[in-house]
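If you're wondering where the values come from, they're calculated on a predicted model, not measured in any experiment. Both backbone and side-chain heavy atoms feed into the values below; hydrogens, waters and symmetry mates do not.
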Amino acid sequence: MSDLVRVRFAPSPTGMPHVGNIRTALFNWLFARHHGGSFIVRIEDTDVTRRVEGAVEAILDSLRWLGLDWDEGPEVGGDYGPYLQSQRLEIYRAAAERLVKQGDAYLCYCPLERLEEMRREQVKKKQPPGYDRRCRALTEKERAELEAQGITPVVRFKTPLEGQIRFQDLIRGEVVFEAATIDDFVLLKSDGYPTYHLANVVDDHLMKISHVLRADEWLSSTPRHILLYKALGYEPPEFAHLPMILGSDRSKLSKRHGATSVIEYRDKGYLPEAVVNFLALLGWSLDDKTEIMGRDELVRNFSIERISKTGAIFSQEKLGWMNGVYMRRLSTEELVEQVVPFLDSGLPQTVKRPISRDYVRLIVPLTQERMRILSEVSELADFFFVDELDYRSVDLYLGMGLGADEQRLLEVKPGERYTGPLPYGAEKAPIALRTALEKLQALPSFDAPSLESVLRPLAAELGLKTGELFGLLRVAVTGRTAAPPLFQTMAVLGRERCLRRIGAALARLK
RNA sequence: GCCCCCAUCGUCUAGUGGUCUAGGACGUCAGCCUUUCAAGCUGGAAACAGCGAUUCGAAUUCGCUUGGGGGCACCA
């Protein structure tokens, strides 16, 4: 079947690309690539009112970012174009006309107000909402009268009044619908644009789409499509309805659940490989243990048979973990490349630009295993760049192991001086800093092993635990109680800056 | 209200009648490592929605119930 596989991703440009849509794109792409088939992108821009400026670009950017290349579609063209539905209106008009001529569709003159009113009534009476088919059997005379009123009609499909519509879904098996539960849906709107149903069926046929992999929310409109294929004399493609991606409350993933656009994930510093891997595992799995898989591995192993039926909650937590895994796998050079733009945008304005790549190259190994996403780098490493450290003086004692209870008692604001009771051994802090200062001044070479060789013995000399001394110095030198390993950090900062900072810490304690 | 879909740890999932006292991963808890934080390692808690039926035997098959989701536009 390999050369027959033609699948498509058909987004509508009504906003930023949703992760659910992109997951659909990914599955289609994986399926196409696995079978050596074609992956086609078609823009379904048939709703003029919902059109959003820049949405098409954002969608294509997302695909490119994730490495989902398309064989036919915008920018690359293809034999079945154009790939923007707004440029194919004549095709849909002709199809609708043909259906009317055949007696499978009819013109409907009902005004919007009537339809709305009718729907309200139906809902009130707990009836299933749907068009009441008033215009289905209009006489020539009635039609002429309505036409004379200058009403632009829509074209509606003449849904069979009885019988069943059944089809085989590749994921769900046989699905059956009663024709009677489907109303006469609109094919062509009064503005001349087709509805999704018409355009989708016509294009999937014309573009020789072999498999339609789309989200579960389309399952209930599939019988309409089957009906249309039949009426138009087309062979329907295979259908596979993908489980949906849900928010934490199990409803359709939306804005209120957090970031829903792939662009946001890119901008927050997720790696495309991680996002692809994570998305692939939302509704698909290889086996009982394999989780980390690159694009090639996914392509090699992907199959519809292993797609699950259940909706999957989008877990921010797990994505974060996975991103960390991919982040730790990068080489220093690769990570430097990725991280520089985030430092550039995330570091305070006072830090002079451009950011030195050579300097970043020294820092990256110290932060690599502490990052989950790229944008965290600025917060994690700002003390490597900033001149003045901003921290609470009490943190110096916290570094020495001041207990949590005592901490709560103190509650010292930034800049304020701590005057409360000192933890055991804390009176040694100024002495420790002063001694360290002297030793470091005299140190011949300011590298990590040398630093360790003088500071570790110093703790014993002062009667402090190593953790207490190192913690104190850590806060003095980085301004925080949690930071990368002390000696390496100091080596990167350099002697001059370390001495200055320890001096500043000393001043705080006086 | 009607139609359709779904149902294994909190989450993503493995499991296609016996190898399941249900496996892995995230998260969580404990311990180890350790100069802090991470990372890493080890271990723990944690699930077959319920009820019937089929069968020697059911997480796996069938039915019902319950629960959840989706759809019901001149939106896609």
### Per-nucleotide protein contact string for nucleotides 31-47 of chain B, where B marks a base within reach and S marks sugar-phosphate only (heavy atoms under 4.0 Å, - for neither)
----BBBBSS-------
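- Taking a 6.0 Å sphere around NZ of K268(A), one finds it holds more than 12 heavy atoms contributed by other residues, nucleotides or ligands.
- With salt bridges taken as basic N to acidic carboxylate O contacts below 4.0 Å, none links E376(A) and R372(A).
- Residue V123(A) is classed as having no contact, given no heavy-atom separation below 4.0 Å to the nucleic acid.
- Within a 6.0 Å sphere centred on CD of E174(A), other residues, nucleotides and ligands contribute more than 12 heavy atoms.
- Base-pair partner of rA30(B): rU42(B) (Watson-Crick or G-U wobble, both distances under 3.5 Å).
- Across the C1' atoms, rA38(B) and rA22(B) are found 34 Å apart, a figure rounded to whole Å.
- Atom C1' of rG31(B) sits at a distance of 39 Å from the matching atom of rU16(B), rounded to the whole Å.
- One interatomic measurement links the two molecules: CD of E121(A) to C1' of rC2(B), which rounds to 17 Å at whole-angstrom precision.
- The separation of rG24(B) from rG44(B), taken at their P atoms, amounts to 10 Å, rounded to a whole angstrom.
- With both ends at atom P, the span from rG68(B) to rA14(B) equals 24 Å, rounded to whole Å.
- A salt bridge does not link E468(A) to K428(A): none of the charged side-chain nitrogens sits closer than 4.0 Å to a carboxylate oxygen.
- Checked against a 6.0 Å centroid threshold, the rings of H257(A) and F314(A) do not count as neighbours.
- In summary, R329(A) and E334(A) do not engage in a salt bridge, as defined by a charged side-chain N under 4.0 Å from a carboxylate O.
- At whole-Å resolution of the value, CG in L219(A) and C1' in rC2(B) are 16 Å apart.
- For the pair H241(A) NE2 and rC5(B) C1', the computed distance is 11 Å after rounding to whole Å.
- No donor-acceptor distance shorter than 3.5 angstrom exists from the side chain of Y326(A) to the backbone of L271(A), with no hydrogens or angles considered.
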### Task
Sugar-phosphate means primed atoms, P, OP1 and OP2; the rest is base. With that split, encode nucleotides 6-18 of chain B 5' to 3' as B, S or - using protein heavy atoms under 4.0 Å.
SS---SBSSS---
### Query
Just by protein heavy atoms under 4.0 Å, how would nucleotides 71-76 of chain B read 5' to 3' in B, S and -?
SBSBBB
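- Across the protein-nucleic acid pair, R166(A) atom CZ and rC4(B) atom P stand 12 Å apart, rounded to whole Å.
- Nucleotides rU54(B) and rG63(B) have their C1' atoms positioned 11 Å apart, rounded to a whole Å.
- Taking atom C1' in both rA59(B) and rA49(B), one finds a spacing of 12 Å when rounded to whole Å.
- Applying the salt bridge (charged side-chain N to carboxylate O under 4.0 Å, His left out) test between D184(A) and each of R156(A), K158(A), R224(A), R136(A) identifies R136(A) as the sole match.
- A distance-only check finds no donor-acceptor pair linking the side chain of N277(A) to the backbone of M322(A) [under 3.5 Å].
- Between W218(A) and Y196(A), the angle of the ring planes stays under 30°, which puts this pair in the parallel group of the 30/60° scheme.
- Put simply, CG on L319(A) is 12 Å from P on rG27(B), counting in whole angstrom units.
- Look at the P atom in both rC29(B) and rG50(B): the space between them is 29 Å, to the nearest Å.
- Between F27(A) and W284(A), the gap from one ring centroid to the other reaches at least 6.0 Å.
- When the P atom is compared between rC20(B) and rC56(B), the two are found 23 Å apart, to the nearest whole Å.
- Pairing for rU66(B) goes to rA7(B), judged as Watson-Crick or G-U wobble with the two contacts each under 3.5 Å.
- Taking the six-membered ring for Trp and thresholds of 30 and 60 degrees, H225(A) and H197(A) have ring planes inclined between 30 and 60 degrees apart.
- For rU61(B), the paired base is rA53(B) (Watson-Crick or G-U wobble, both distances below 3.5 Å).
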